[in-house]
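Everything quoted here is computed from the prediction, not taken from an experiment. Every chain is numbered from 1, with letters handed out A, B, ... down the list of sequences.
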Protein chains: 2
Amino acid sequence: MTIKEVSDKYQLSTDTLRYYEKVGLIGPISKNKSGIRDYKETDLRTIEFVKCMRQANMPIDKLIRYMNLYKEGNKTLEDRKQLLVEQLHKVEKEIQELEKAKERLCYKIDLYDHQLLEKNLSMEKETVL
Amino acid sequence: MTIKEVSDKYQLSTDTLRYYEKVGLIGPISKNKSGIRDYKETDLRTIEFVKCMRQANMPIDKLIRYMNLYKEGNKTLEDRKQLLVEQLHKVEKEIQELEKAKERLCYKIDLYDHQLLEKNLSMEKETVL
DNA sequence: TTACACCATGGAGTAGACTCTAAGTCAAGG
DNA sequence: CCTTGACTTAGAGTCTACTCCATGGTGTAA
């Protein structure tokens, strides 16, 4: 799979894909004789995971640490789990904050609806009189 | 209320508070004869709103636009509501993504627990034999 | 009155995560 | 053969949102 296809599939720019590879988040991706990347199934799975974790706001350096632990094999299970647990807590906290903001937004939008209604009513009155 | 007190109350650094004021997100804050800020009740309410919207990842320039509309008064009700509705959608989408990431994290943590269990069991066996 | 923590300003610097540019290679179609 | 478009690299540049710094004023407690 070419970089363009991967880019389209996961909505990540080719620059971002190369950047992720450069910093060690994915790959190294195998290349054909003329140096062009060919993404394999396992690469795609890594990319999907990375994308998901990035959407969960996991910082890139933490993700890199995770990937490095992964490469070190079985003896890092505990550490890797620890990183994920930490991240889970962060995600839960963030969800809470977003829910709070959401409530507030709904409340304010509601207020605006009322104000707009009143404004329109008073305009109508003016028109009638 | 001094800037330090506000900073403590809302967990925003004094630098951030001055920065918010400089870019027009809050204030201008009134100052005493020697130039020291004195935050009033209305300032605090604005700050709390700003903090909440920032936690909802509303970009600063959008927030500034909102504040400017607010200052323009009643005729901008519709536009302001529109901004909030947009932001609400963004927040809802983000919550969805975080929930997805959360599920994935839980799933992976579960897998790690199983793997760790197995690892420990096999170590015990080794110890016994 | 001196020490201390706090306040002010303008402007420079930083972190994180990309994003863009320049300069060049390669394969396919006209 | 030439053009076109996608690919490569290294490295510079950008954006957002702060955060820090130098320099100097303020206020109050001992």
Could you pull out every donor-acceptor pair under 3.5 Å between side chains of residues 39-47 of chain A and any protein atom, sequence neighbours left out?
unit_1	atom_1	unit_2	atom_2	d
A/K40	NZ	A/S30	OG	3.3
A/D43	OD2	A/K40	N	2.9
A/T46	OG1	A/T42	O	2.9

Residues 102-109 of chain A, side-chain donor-acceptor partners within the protein, below 3.5 Å, at least two apart:
unit_1	atom_1	unit_2	atom_2	d
A/R104	NH1	B/E48	OE2	3.3

Could you pull out every donor-acceptor pair under 3.5 Å between side chains of residues 51-67 of chain A and any protein atom, sequence neighbours left out?
unit_1	atom_1	unit_2	atom_2	d
A/K51	NZ	A/Y10	O	2.9
A/R54	NH1	A/M58	O	2.7
A/N57	ND2	A/E94	OE2	2.3
A/K62	NZ	A/E86	OE1	3.0
A/Y66	OH	B/Y112	OH	2.6

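For residues 109-118 of chain B, the salt bridge (charged side-chain N to carboxylate O under 4.0 Å, His left out) pairs, not counting sequence neighbours, are A/K81-B/D113.
Residue B/I29 contributes atom CD1, which lies 10 Å from atom P of C/dA8 at whole-angstrom precision. One atom, NZ of B/K33, and another, P of D/dG25, lie 18 Å apart when rounded to the nearest Å.
Among residues two or more places apart in sequence or in another chain, the salt bridge (Lys or Arg N to Asp or Glu O under 4.0 Å) test is passed with B/E21 by B/R37.
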Readout for nucleotides 7-19 of chain D: B = base within 4.0 Å of protein heavy atom, S = sugar-phosphate only, - = neither; 5' to 3' it is SBB-B-----BBB
